[in-house]
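Residue numbers count from 1 along this sequence.
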Amino acid sequence: MKLLVTGGAGFIGSAVVRLAIARGHQVVNLDALTYAACLENVAEAAQSPLYAFEQADIRDRAALDRIFAAHQPDVVMHLAAESHVDRSIDGPGDFISTNVTGTYTMLEAARAYWLARDKPEAFRFHHISTDEVFGSLGATGQFTEETPYDPRSPYSASKAASDHLVRAWAETYGLPVVLTNCSNNYGPFHFPEKLIPVVILNALAGKPLPIYGDGSNVRDWLYVEDHADALLLVVEKGALGRSYNIGGENERSNLELVKTLCAILDEKRPKASGSYADQITFVTDRPGHDARYAIDPKRIREELGWRPSVTVEEGLARTVQWYLDNEAWWRPLQARAGVGQRLGTKA
């Protein structure tokens, strides 16, 4: 199978690229190489004859038409997106442009390609989205595929809009699509502006470990390599027009998560005195911060037989070790725009 993966130099996209190549699939990695992209994420896969790279913007229809014609993929896995909530608060325009207009342009290019090839039965447009489109949960309950959309940030609103576009192209034009909505990802190659890498790298640097509000916000944590496995399963075996929620079955409050990371660091790289938890600092909460996300993964478990392979404690231990072993990867990224700064305060 030949996959066209958009955003394949990003965090989740690169995990998909690496796993797909390892499983013998051909992969065309389409990425604009914006601030959060890093070709080092796919350096190992790029040595394979199964890999090809195209630098292009998903809003550039002419470039997309050229890439489809040149590579003739069997399926599209659309991961390219602006994804950092704090950045969406400060600059929502980029999120509307990339996530909404970019997805529209991808859909139209894919539809034209599909029609030009007489609607091949095996073609799929797999749209990868987030659980944040469902809004915020209280202390109980979980998101299912039938949960009404209720986005609360510019980021989640832009992803909700892109989900609606994909479903509309399926209903109106018959484009064969599948959709997935995932919980919070973590793991190797996570760009150092998100919570887990921020905590690891700040801890090592002796800096404060910032926690929004009182740290009670709860997320379901999904190891990125488990997510990549689920995505490849859905694009191969998911039912057309179906959406699948992909969760890690690992709910933790932000404070619990940070304390777990500190305990792992205490064991793997102890400080001269005290614990890394001594660096925890509570900061003003993010505007509109959703209280809790939790995914019910029953559909993907029962229909496709998928479950996450690691607990959050196992995944965090692997992640911490990866950052300890890969300073040459993360150190240069700390100089990129916005990294290490408090964003999302303009509201």
Report task. Would you mind telling me which of Thr105, Thr98, Asp31 makes a side-chain contact (heavy atoms from CB on, under 4.5 Å) with Ile58? Result -> Thr98

Query raised in the report: Would you say Glu171 has more than 12 foreign heavy atoms packed within less than 6.0 Å of its CD?
Result: no

Query raised in the report: CD of Glu146: more than 12 outside heavy atoms within 6.0 angstrom?
Result: yes

**Report entry** Pair Lys159 + Asp163: basic N to acidic O under 4.0 Å
**Finding:** no

Requested in this report: Kindly work out whether a path of hydrophobic side-chain contacts (I/L/V/M/F/W/Y, heavy atoms less than 4.5 Å apart) joins Met77 to Trp169.
Outcome: no

Query raised in the report: Is the shortest distance from a Lys or Arg side-chain nitrogen in Arg18 or Glu44 to a carboxylate oxygen in the other one below 4.0 Å?
Result: no

Query raised in the report: Does Gly141 offer a backbone N or O that forms a donor-acceptor pair with the side chain of Arg292 under 3.5 Å?
Result: yes

Requested in this report: For Asp131 and Ser183, test the side chains for any donor-to-acceptor distance below 3.5 angstrom and give the result as yes or no.
Outcome: no

Query raised in the report: Parallel, tilted or perpendicular: which fits the ring planes of Phe68 and Tyr113, with parallel below 30° and perpendicular above 60°?
Result: tilted

Query raised in the report: Is it true that the NZ or CZ of Arg87 lies under 6.0 Å from the centre of Tyr35's six-membered ring and within 45 degrees of the ring axis?
Result: yes

Query raised in the report: With a 4.5 Å heavy-atom cut-off, do Lys237 and Trp306 have their side chains touching?
Result: no

Query - Centroid separation Tyr149 to His164 less than 6.0 Å - result: yes

Query raised in the report: Is the closest side-chain donor-acceptor distance between Gln72 and Lys2 under 3.5 Å?
Result: no

Query raised in the report: Between Arg23 and Asp229, is there a salt bridge with N-O shorter than 4.0 Å?
Result: yes

Requested in this report: Please lay out, stage by stage, how Asp86 and Tyr212 fare under the test side chain to side chain donor-acceptor pair (under 3.5 Å).
Outcome: CA-CA 12 Å; Asp86 288 358; Tyr212 290 163; 2.5 Å; yes

Query raised in the report: Between Asp57 and Arg59, is there a salt bridge with N-O shorter than 4.0 Å?
Result: yes

Query raised in the report: Any ion pair linking Glu256 and Lys259 (charged N to carboxylate O, less than 4.0 Å)?
Result: no

Requested in this report: Assign the ring pair Trp329 / Trp322 to parallel, tilted or perpendicular, where the plane angle (0 to 90°) is split at 30° and 60°.
Outcome: perpendicular

Query raised in the report: Name the one of Asp290, Asn181, Asp150 that satisfies side-chain contact (heavy atoms from CB on, under 4.5 Å) with Phe134?
Result: Asn181

Query raised in the report: Any link between Leu316 and Leu324 through a network of hydrophobic side chains (Ile, Leu, Val, Met, Phe, Trp, Tyr) touching at under 4.5 Å?
Result: yes

Query - Donor-acceptor side-chain pairing of Lys298 and Gln142 below 3.5 angstrom - result: no

Query - Donor-acceptor under 3.5 Å (Arg124 side chain, Glu121 main chain) - result: yes

